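Structure record follows, encoded as structure tokens.
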Amino acid sequence: MPLHETIDGAPPAVSLPFTNLMEYAPRDIESKWQRWWKDQRTYQVQNDTSKPKFYILNMFPYPSGAGLHVGHPLGYIASDIVARYKRLKGFNVLNPMGYDSFGLPAEQYAIQTGIHPADSTEQNIRRYREQLDNIGFCFDWEREVRTSDPAFYHWTQWIFMRLFEHYFDLEAGKALRIKDLIARFGENGNKDVRAVCDEDTPQFTAAEWQQMSEKEQQQLLLKYRLTFPEESYVNWCPAMGTVLSNDEVKDGVSERGGYPVERKLMKQWSMRITAYADRLLDGLNDIDWPDSIKEQQRNWIGRSQGASVRFSVDGHPDASIDVFTTRVDTIYGATFMVLAPEHALVSRITTNAQRAEVDAYVRWAASRSEIERMSEVKKVTGANTGAFAINPFTGEKIPVYIADYVLASYGTGAVMAVPSGDQRDWNFATHFNLPIVPILDAQQNLDQAADPTKEGRYINSGMIDGLTYDEAVPKLIDWLETQGLGKGKVQYKLRNAVFSRQRYWGEPVPVYWKDDVPCLIDEKDLPLVLPKVDKYLPTETGEPPLARAEGWRYFPEPGGSGYEYELSTMPGWAGSSWYFYRYMDPHNDKAFCSPEAVNYWQTVDWYIGGSEHAVGHLLYSRFWNHFLFDLGLVPEREYAKKLTNQGMIQGLSSIAFRAKECFYEEYLWIKVLQPFFKEYGPMQIPGSRLEESYTYDFAFETNDLVIEVVSWKQTDKIETIRQAAEADSKRLMILFMEELIDQINNPGHFAGKIREALESRARFFMTEKGPASEILFVSHNLTAKYSPSCFSELHVDISLVDNNVLDLEKARQLPMFQRANFKVDASGHFTCNQEVEKMSKSKFNVVNPDDMVAQYGADCFRMYEMFLGPIEVAKPWDTKGITGVYSFLRRFWGLFVGENNTWLPTDEAPDRDELRILHNCIKKVTEDIERFSMNTCVSHFMILTNELRTLKSSKRAILEPAVVMLAPFAPHIAEELWHRLGHESSVCDAAWPVLNPEHLKADTVTYPVQINGKLRGDIEVAADAKPADVEALVLQQDFVLRNLDGKPVRKVIVVPGRIVNIVV
RNA sequence: GCCCGGGUGGUGGAAUGGUAGACACGCAGGACUUAAAAUCCUGUGACCGUUGAGGUCGUACGGGUUCGAGUCCCGUCCCGGGCACCA
């Protein structure tokens, strides 16, 4: 054993007695066993089919340059504990880790520095790995995956190719091969094909299909493929030079960086996720995921049941407007129609008289950014096309408007407006003076607002007059369907997912362009590796960075000039949509995962990660999995049966208060001038106006003295004031702000000066000596006396603060505190305010796990992370509390190693108390791990340790099972003690102790006794006493009789083993 | 506005409808020490009373169900998150 060092790294003190050599020394233990585990390959996982499998998975991280803070490993630690626990329970456990290593930050860094993203990513990964290794995880690193590794993205591209080769068949309810679709087109055209396809897919016969050119056929097939290029309005982010998917845009700006986002028409690869909308929705019922995630996914998919209705357009026999409505029952109240400005019919049906107005509105609407549109939701805008639509039920003509409250991208981009029932329609009708017709007798106050009620019976509603909602809807839909004018319909909010990014650092799309038709490259040419480029920026002509790659062209056959590759890359969510299968078989170069491996590991049993991926990664990965399932490549529709979100660990920020100008005035008034007021009479309070151009800060009227607070630097201002004071025939005292700062802890200094000024007749007072300080910080416990607006709040690095007290020595060395002075409290301390905030560099509240491990050891760090509270809940990190866990580990160690390095455990048989303590712990810890309650597990270990110490008990029969139970939480100390107990193999391969309920039983039971639900005392009875005996005994107790006070007992409730309640 | 969570000591948090505050931090007092740190012991929801009794209140607020409610039901308030011209 190496010599003991104190935990903070100081050299061992000479005076330390020899006995301390064997104190708990996490540093030595941890590095020793980490090495041993590596040498023994303790964590290597076999695809061993003889044991039951357990697959636990963490969402893999993006390796950012900032490294890990203490919040990141929370989920990893929890899953590590479960993984080790399951292994002790006899499972073959897969607990892998890897990196989501494509991403924008590395590319931005490349643009700035020219360093290839692969290099900076490699470096970041190395740092992550070091930090992870420090914590003692049981990851099998031989299974590590990286999405940016060509051997990995080979299979991302392969899956993309399969998507391209499939369409979604509505009859089969699953993806089928395009090949088979082509065959069907050749036989019957597409008349009988029920498949998910573009809205504008034409109908054609077999003959028409056969007459089409190859190119025409290919372009038609794109309307069916599950991934396809299309011209569409996308979220274009000019600042990032790329498009973003809907989930990457929040409140009209990019989620990362907060840059503005525009609508732009572009040709983009798209994923037909809408085909799976229903299955993705239904699948949510079969998985044990947090309700909030499921709810967000349901919202995002946004299924609504309604009807589509066809309105003809007056004077345009060839045009009709389809609308989607969820309230077809309100159709008799439809008094106008509104189209989205982008609607295809707008220019066709607009009358000449209205054309100028409509064109102007369309142009205006197109020019508006998302953020403008969203922030001006309340403003009613629109234009009348002059055209009229005909209500199919009434034959009435209703005007057609355009307005951008109707979204082109939802439904058909047109609505029938029912102002009596819909508030937006009501607003529009009121603004444009359109009729509002009540349709239900229960509608109220229609002159104030719309009333969307479904109560009552219909009025003004033709065929449904007098009916209720439930009667009306089927009748209307029936009529529409028999007339061929509409049908019941389901509409989704979910859009197809944009799959192209105009960026470099992503998977190349395995496609080349031949005569404007996208073609897949040959499978043997996978992976299509990212080419080298000279710069990571778009070309001068605005093409993506890949256009810079010289000679990067595809040659399907030798010779020729080749074809251009697709130049956009895949988005961040491509690799993460299937990576969980790669861990099962990470080195396979024949398939993304062998059938044997996937049959053994099946799916993820427990998935752990942050809730921020609710609709991004977690929805797209379900989509890809459903697709892979359709192809028979994976065994289940849903890849993760159970999902847990770990809560954020927040930081405790320290805030220092910097004085603003008005502070000095308030300070002078409160601390210095008030006594003078009594003595020297009336005085203007701050802010009084003495003459037009000037406001003196303070003025003693009786002495003609004015006081002005200015900065040393404001020489001009000093001169102006001086002249003004002359003119006003005031005596002037200049107090320099900087002097106030210098002398802030000495208010007497100013009192003296002011007294001097008041009592003299001199015209002008000013300090001669230059001040030393320029900035003032005020101790937080003093700020309450001043108005909050006197301070700006500044984050201070938490390493400078202890117990809210700032270390002034250290602080003064920082640039932010140079030329600063501190106003300290009565005890000479400068205190900061504490705030709970997200942990981030910019808030200077980041706690690095490396520091925690260096100071307390990995075992302690792991246990403290767990001890903080439930995994799922957000909670602040407070380093102070870690000492509790550290002293627990020392005390646990102390059960084994005594003074003078004596080995304490004996082979004596344990007594009943000791067995009860152990088995109580077995019961609690086993139950709590199963329900993922790690914080209470740590408490149970503390209780066991405290109780054994009280008994001064150290028996192998008790301690050995305790070591095994502790191993998942604190693997290093457990491994050390396990070996000292005489074992040769790893504690990881021990067996989880088995609960014997016999040991939990006691001879006697203490019943708390309540009278009318109020606790009055307790009583000890034999454990096997019958309820009747307990009742009899209880009623004899002194404290019971005293409390009953002679009142008759109505009933006695005895809950066996629990409680007694006497009702009087 | 709609939909999810959640409100328990000074702090983090415990509590299958059955003794509210486990376990820790912090704080206070004590022991050890020349001293400090570390360590160990004791106390610690509030209030009244005792100074070896005991009592009252208490889990955001107001009701209800129950022998018994932090826990279940109804209503209100507050905090966090998500969605939001989605027809």
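Protein chains get the first letters and strands the later ones, always in sequence-line order, with residue 1 at the start of each. Because the structure is predicted, anything quoted here is derived from the model rather than measured.
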Given that both distances must come in under 3.5 Å, which nucleotide forms a Watson-Crick or G-U wobble pair with A36(B)?
none

With distance as the sole criterion, do the side chain of R931(A) and the base of U16(B) form a donor-acceptor contact below 3.5 Å?
no

Can you figure out which of A87(B), A24(B), G13(B) approaches the side chain of T326(A) most closely?
A87(B)

For the pair F861(A) and W877(A), name the ring-plane relationship: parallel under 30°, tilted 30 to 60°, perpendicular over 60°.
tilted

Any ion pair linking E865(A) and R862(A) (charged N to carboxylate O, less than 4.0 Å)?
no

Sugar-phosphate, base or nothing in reach of V1055(A), heavy atoms under 4.0 Å
base

G-U wobble or Watson-Crick pairing nucleotide for U59(B) (cut-off 3.5 Å, both distances)
none

Rounding to an integer number of angstrom, what distance separates G30(B) and A35(B) when you compare their P atoms?
14 Å

If I take atom CE in residue M942(A) and atom C1' in nucleotide G12(B), what distance separates them, rounded to the nearest angstrom?
12 Å

Given C3(B), C67(B), A87(B), identify the nucleotide with an atom nearest to the side chain of L407(A).
A87(B)

In whole angstroms, how far is the P atom of G13(B) from the CD atom of Q650(A)?
9 Å

With heavy atoms under 4.0 Å as the rule, sort K1014(A) into base, sugar-phosphate or nothing.
sugar-phosphate

Under 4.0 Å, counting only non-hydrogen atoms across every strand here, what does V418(A) touch: a base, just sugar-phosphate, or nothing?
nothing

Side-chain contact check for R1058(A): nearest option of C40(B), C67(B), U16(B) is U16(B)

Take atom P in U56(B) and the same atom in U39(B), then report the distance between them in whole Å.
41 Å

Looking only at side-chain N and O atoms, does T936(A) offer a donor or acceptor that is under 3.5 Å from a partner on S933(A)?
yes

Is L868(A) touching bases, backbone alone, or none of the nucleic acid, heavy atoms closer than 4.0 Å?
sugar-phosphate

Would you say a side-chain N or O of N645(A) is under 4.0 Å from OP1 or OP2 of G81(B)?
no

Look at all strands and tell whether R891(A) reaches a base, only sugar-phosphate, or nothing, counting heavy atoms closer than 4.0 Å.
sugar-phosphate

Side chain of T883(A): nearest nucleotide among G18(B), A87(B), C25(B)?
C25(B)

What is the distance from CD1 of I1059(A) to C1' of U66(B), rounded to the nearest Å?
14 Å

Whole-Å distance separating the CG atom of N427(A) from the P atom of C85(B):
14 Å

Over how many whole Å does the gap from D802(A) atom CG to A37(B) atom C1' extend?
14 Å

Counting only side-chain heavy atoms from C-beta out, which of C67(B), U19(B), A14(B) sits nearest to T936(A)?
A14(B)

Considering Watson-Crick and G-U wobble pairs with both distances under 3.5 Å, what does C77(B) pair with?
G7(B)

Give a yes or no on whether the backbone of N781(A) and the side-chain of T831(A) come within a donor-acceptor separation of less than 3.5 Å.
yes

Base, sugar-phosphate, or nothing: which does S304(A) touch, judged by heavy atoms less than 4.0 Å apart?
sugar-phosphate

Inter-nucleotide C1' distance (G9(B), G81(B)), Å rounded
27 Å

For U71(B), the Watson-Crick or wobble counterpart (both distances under 3.5 Å)
none

Once you round it to whole Å, what is the distance between C1' of A87(B) and CG of D322(A)?
14 Å

Taking pairing as Watson-Crick or G-U wobble with both contacts under 3.5 Å, can you name the mate of C27(B), or confirm there isn't one?
G43(B)

What's the gap between A69(B) and U44(B) when it is taken at their C1' atoms, as a whole Å value?
27 Å

Of N946(A) and W300(A), the one whose closest nucleotide on RNA chain B sits nearer the 5' end is N946(A)

Write down the distance between CG (L1015(A)) and C1' (C67(B)), rounded to a whole number of angstrom.
15 Å

If you measure from the C1' atom in C72(B) to the same atom in U66(B), how many Å do you get, rounded?
10 Å

For G54(B), give its Watson-Crick or G-U wobble partner with both distances under 3.5 Å, or none.
C48(B)

Please determine if a side-chain N or O atom of R1016(A) lies less than 4.0 Å away from the OP1 or OP2 oxygen of G55(B).
yes

Contact class for N1061(A) vs. all strands (heavy atom < 4.0 Å): base, sugar-phosphate, or nothing?
base

Between N496(A) and T274(A), does any side-chain donor sit less than 3.5 Å from a side-chain acceptor?
yes

Contact class for I943(A) (heavy atom, under 4.0 Å): base, sugar-phosphate, or nothing?
sugar-phosphate

Given A22(B), C40(B), C85(B), the nucleotide with the shortest approach to the side chain of S939(A):
A22(B)

Distance between P atoms of G54(B) and G6(B) (Å, rounded):
39 Å

Between H780(A) and N804(A), a side-chain donor and acceptor under 3.5 Å:
no

Is a donor from one side chain sitting under 3.5 angstrom from an acceptor on the other, for N427(A) and Y405(A)?
no

Find the partner of G1(B): check Watson-Crick (N1-N3 plus N6-O4 or O6-N4) and G-U wobble (N1-O2, O6-N3) distances, both under 3.5 Å, and reply none if neither fits.
C83(B)

Measuring to OP1 and OP2 of C67(B), would you say a side-chain N or O of N1012(A) lies under 4.0 angstrom away?
no

So K875(A), base contact, sugar-phosphate only, or nothing? Heavy-atom distance under 4.0 Å.
sugar-phosphate

May I ask you to decide if the ring planes of F432(A) and F428(A) are parallel, tilted or perpendicular, using 30° and 60° as cut-offs?
tilted

Can you tell me which nucleotide in C67(B), G12(B), C4(B) comes closest to the side chain of K1051(A)?
C67(B)

Start at the 5' end of RNA chain B and walk down; is the nucleotide closest to K379(A) or to V1060(A) reached first?
V1060(A)

Looking for any heavy atom pair under 4.0 Å, which part of the strands does R495(A) touch: base, sugar-phosphate only, or nothing?
nothing

Any side-chain donor near an acceptor of the partner, S304(A) and Y410(A), under 3.5 Å
yes

Using a 4.0 Å heavy-atom cut-off, does P870(A) contact any base of the nucleic acid, only the sugar-phosphate backbone, or nothing at all?
sugar-phosphate

Checking understanding here: a glycosidic angle within 90° of 0 is syn, the rest anti, so what is G45(B)?
anti

May I have the distance from N299(A) (atom CG) to C3(B) (atom P), rounded to whole angstrom?
11 Å

